[in-house]
2 protein chains.
Amino acid sequence: MNQSGRNINPHISVDCVIFGFSTNQLKVLLIRRAFTESSGKHINDHKLPGDFITLNEDLDLAASRTLEELTGLKDIYLQQFIFLGKPDRISNPMDIEWLNATTGHKIQRVVTAAYFSLINITDTNSAFAIKNNATWIDVKQVPNLAFDHGTIICTGLAHLQLALRNEPIGFELLPEKFTIRELQTLYEVILDCTLDNRNFRKKILKSSYLVQLEEKQRGVAHKPAYYYSFDRKIYEKHKKESLGFNF
Amino acid sequence: MNQSGRNINPHISVDCVIFGFSTNQLKVLLIRRAFTESSGKHINDHKLPGDFITLNEDLDLAASRTLEELTGLKDIYLQQFIFLGKPDRISNPMDIEWLNATTGHKIQRVVTAAYFSLINITDTNSAFAIKNNATWIDVKQVPNLAFDHGTIICTGLAHLQLALRNEPIGFELLPEKFTIRELQTLYEVILDCTLDNRNFRKKILKSSYLVQLEEKQRGVAHKPAYYYSFDRKIYEKHKKESLGFNF
DNA sequence: TTTAGTTAGCGTATTTTTTACGTTTACTTT
DNA sequence: AAAGTAAACGTAAAAAATACGCTAACTAAA
């Protein structure tokens with residue numbers, strides 16, 4: 001089956017670890033994959049979103065295209081974190097059969113650029129996800145995945161953690177306005193640690209780019225919290241390079 | 001000229017930003033490129049080390065191969081940092097002509113995996129570099145380079161800085177035994193900052209993986225410094241995750 | 001209406017780290 | 001022997017991080 005399948009480059013693909021934050025959990029968007037092998041065995045598992053690039057497509061644009069197909073959103077936070085180039089990384093016959101069937105190409109060797117992206121789940125249009133058999137799954141409850149996607153997620157999470165330590169990218173996962181407790185919980189689930197609420201709020205309120213709104217929470221059985229928003233312009237203006245180093 | 005050139009995959013390449021530290025300077029290994037265009041114009045510039053992968057070669061192994069060809073060393077510290085996938089990133093006719101000539105392929109679109117590596121320059125066998133027209137150049141004095149290699153170096157340096165803040169990888173650039181002043185200078189040139197020698201030594205001597213040797217410097221016109229070595233086993237054993245975050 | 005439960009927010013105290021800087025020691029050169 | 005220089009030892013102050021108490025402010029239950 002030579003060159004009669006989709007108009008793709010069958011050697012280069014992008015995979016996306018799409019992180020979202022909801023109900024105090026860090027979640028990842030996975031695609032349910034269901035098909036029947038030639039042997040008659042029915043497969044029902046999950047995989048990461050991703051696709052082969054088209055013949056002349058920019059890798060970053062391919063990743064953005066994948067995100068938009070699943071969420072309906074443009075200009076989503078997107079960060080490369082690893083590329084996978086072992087010649088034998090696709091060796092499971094089931095995976096090979098599935099790839100050949102879905103691309104119309106005889107897939108051999110694939111080099112993959114992996115990205116992680118951050119989305120506020122409530123911004124997404126669930127119709128897109130439903131149409132593509134995509135579902136949000138708690139990062140701590142990821143099932144066994146196709147290909148090397150489990151490993152990719154672990155690596156993506158490590159890169160997300162490192163990035164979050166150095167830049168306030170967590171805001172990409174939150175709605176326009178949020179409470180300090182929501183921000184703290186976000187940091188706790190991503191960094192997998194426990195933070196003291198009193199020390200956390202003191203620390204982040206020292207920044208000039210966290211803006212307290214006049215609006216407070218409603219309908220909560222405790223003292224209502226103020227809402228805050230992230231002022232990216234102030235952040236970019238006062239962005240300071242961290243000069244410290246761990247030793 | 002189809003498939004009659006070198007036995008390579010003409011679509012995927014690796015580029016290496018090889019950092020070395022010498023005479024208190026962070027240096028990068030560049031390849032001098034000299035050839036005559038079909039128009040008769042003589043080109044004499046520099047480029048990063050790199051190569052196309054062979055047909056079934058692992059990307060990481062291709063990068064290691066490139067390093068070994070230039071330095072004679074195996075098992076060098078190697079870190080991926082970016083994957084370049086814009087379809088039009090090779091557009092300079094001179095670069096295209098050079099690629100076609102040196103590969104024996106009609107090169108069109110190239111996707112490149114960029115790595116940075118860290119080498120103690122004195123460990124290298126200069127015969128290898130000489131043979132390959134490679135020369136060490138101060139990172140602050142890099143000339144205009146072929147392709148997008150200038151951009152790749154800048155990005156590589158940023159990744160090196162981030163990595164150095166989080167892990168003591170600077171030791172890869174130093175000899176087996178070194179003084180604290182050498183380590184400090186290394187940090188200063190990579191992070192592009194000035195550190196107080198008294199505070200720097202206090203900080204790093206708190207770690208258990210910096211081992212003071214009995215040997216001291218000789219032939220210096222001031223109090224001789226003690227030599228130290230980096231105990232990787234102690235480091236791996238006591239490696240502690242940094243739980244802090246910048247805000 | 002009062003009470004209970006819960007979290008937000010304000011706060012103090014202590015510890016740790018960072019930063020700034022002085023001084024003595026120990027070598028080579030003059 | 002003196003001078004010059006950097007290593008090493010050190011103190012002090014400031015800043016940041018950590019630990020934790022307590023009051024305020026809401027809803028729900030009694």
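Quick note on labels: first sequence line is chain A, next is B, and so on, each numbered from 1.
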Is a donor on one side and an acceptor on the other found under 3.5 Å between the side chain of A:Thr124 and the backbone of A:Asn120?
-> no
When the ring planes of B:Phe171 and A:Phe247 are compared, do they come out parallel, tilted or perpendicular, using 30° and 60° as the limits?
-> perpendicular
For the pair made of CD in B:Gln212 and C1' in D:dA7, what is the distance, rounded to whole Å?
-> 11 Å
For B:Asn246 and C:dT18, give me the distance from atom CG to atom P, rounded to whole Å.
-> 12 Å
Specify the residue among A:Phe245 and A:Asn197 whose closest nucleotide of DNA chain C lies further upstream toward the 5′ end.
-> A:Asn197
Can you tell me how far C1' of D:dA19 sits from CG of A:Leu195, to the nearest Å?
-> 14 Å
Are B:Arg198 and B:Asp196 ion-paired here, with the side-chain N under 4.0 Å from a carboxylate O?
-> yes
Report the distance from atom CG of A:Asp196 to atom P of C:dT12, rounded to the nearest whole Å.
-> 16 Å
Flag, side chain of A:Gln184 to backbone of A:Arg201, donor-acceptor distance under 3.5 Å = no
Would the number of heavy atoms belonging to other residues, nucleotides or ligands and lying under 6.0 Å from CG of B:Asn44 be above 12?
-> yes
Starting at CD of A:Gln184 and ending at P of C:dG9, how long is that distance when rounded to a whole Å?
-> 11 Å
Rounded to the Å, how far apart are A:Leu191 CG and D:dA17 P?
-> 14 Å
Interface residues of residues 198-206 of chain A with DNA chain C (non-hydrogen, below 4.0 angstrom) | A:Arg198, A:Arg201, A:Lys202
Distances for protein N or O near nucleotides 1-7 of chain C N or O, under 3.5 Å:
unit_1	atom_1	unit_2	atom_2	d
C:dG5	N2	A:Ala221	O	2.3

Please list, one pair per line, the donor and acceptor atoms closer than 3.5 Å that link side chains of residues 204-212 of chain A to other protein atoms, with sequence neighbours excluded.
unit_1	atom_1	unit_2	atom_2	d
A:Ser207	OG	A:Ile204	O	2.9
A:Gln212	OE1	A:Tyr228	OH	3.1

Tell me, which pairs form a side chain to side chain donor-acceptor pair (under 3.5 Å) where one or both residues lie in residues 138-150 of chain B, sequence neighbours left out?
-> B:Asp15-B:His149, B:Gln25-B:Asp138, B:Arg89-B:Asp148
Could you tell me the separation between the CD atom of A:Gln217 and the C1' atom of C:dA8, rounded to a whole number of Å?
-> 9 Å
Considering heavy-atom distances to DNA chain D, does B:Tyr227 or A:Pro224 have its closest nucleotide positioned more toward the 5' end?
-> B:Tyr227
Let me have the donor-acceptor pairs involving side chains of residues 76-86 of chain B, under 3.5 Å, with sequence neighbours excluded, atom names and distances please.
unit_1	atom_1	unit_2	atom_2	d
B:Gln80	OE1	A:Phe83	N	3.0
B:Gln80	NE2	A:Phe83	O	2.8
B:Gln80	NE2	B:Asp60	OD1	3.4
B:Lys86	NZ	A:Asp58	OD2	3.2

Taking only residues two or more places apart in sequence, or in another chain, which ones meet A:Phe19 in a ring-ring contact (aromatic ring centres under 6.0 Å, His included)?
-> none
B:Leu213 has an atom CG; how far is it from atom P of D:dA7, in whole Å?
-> 16 Å
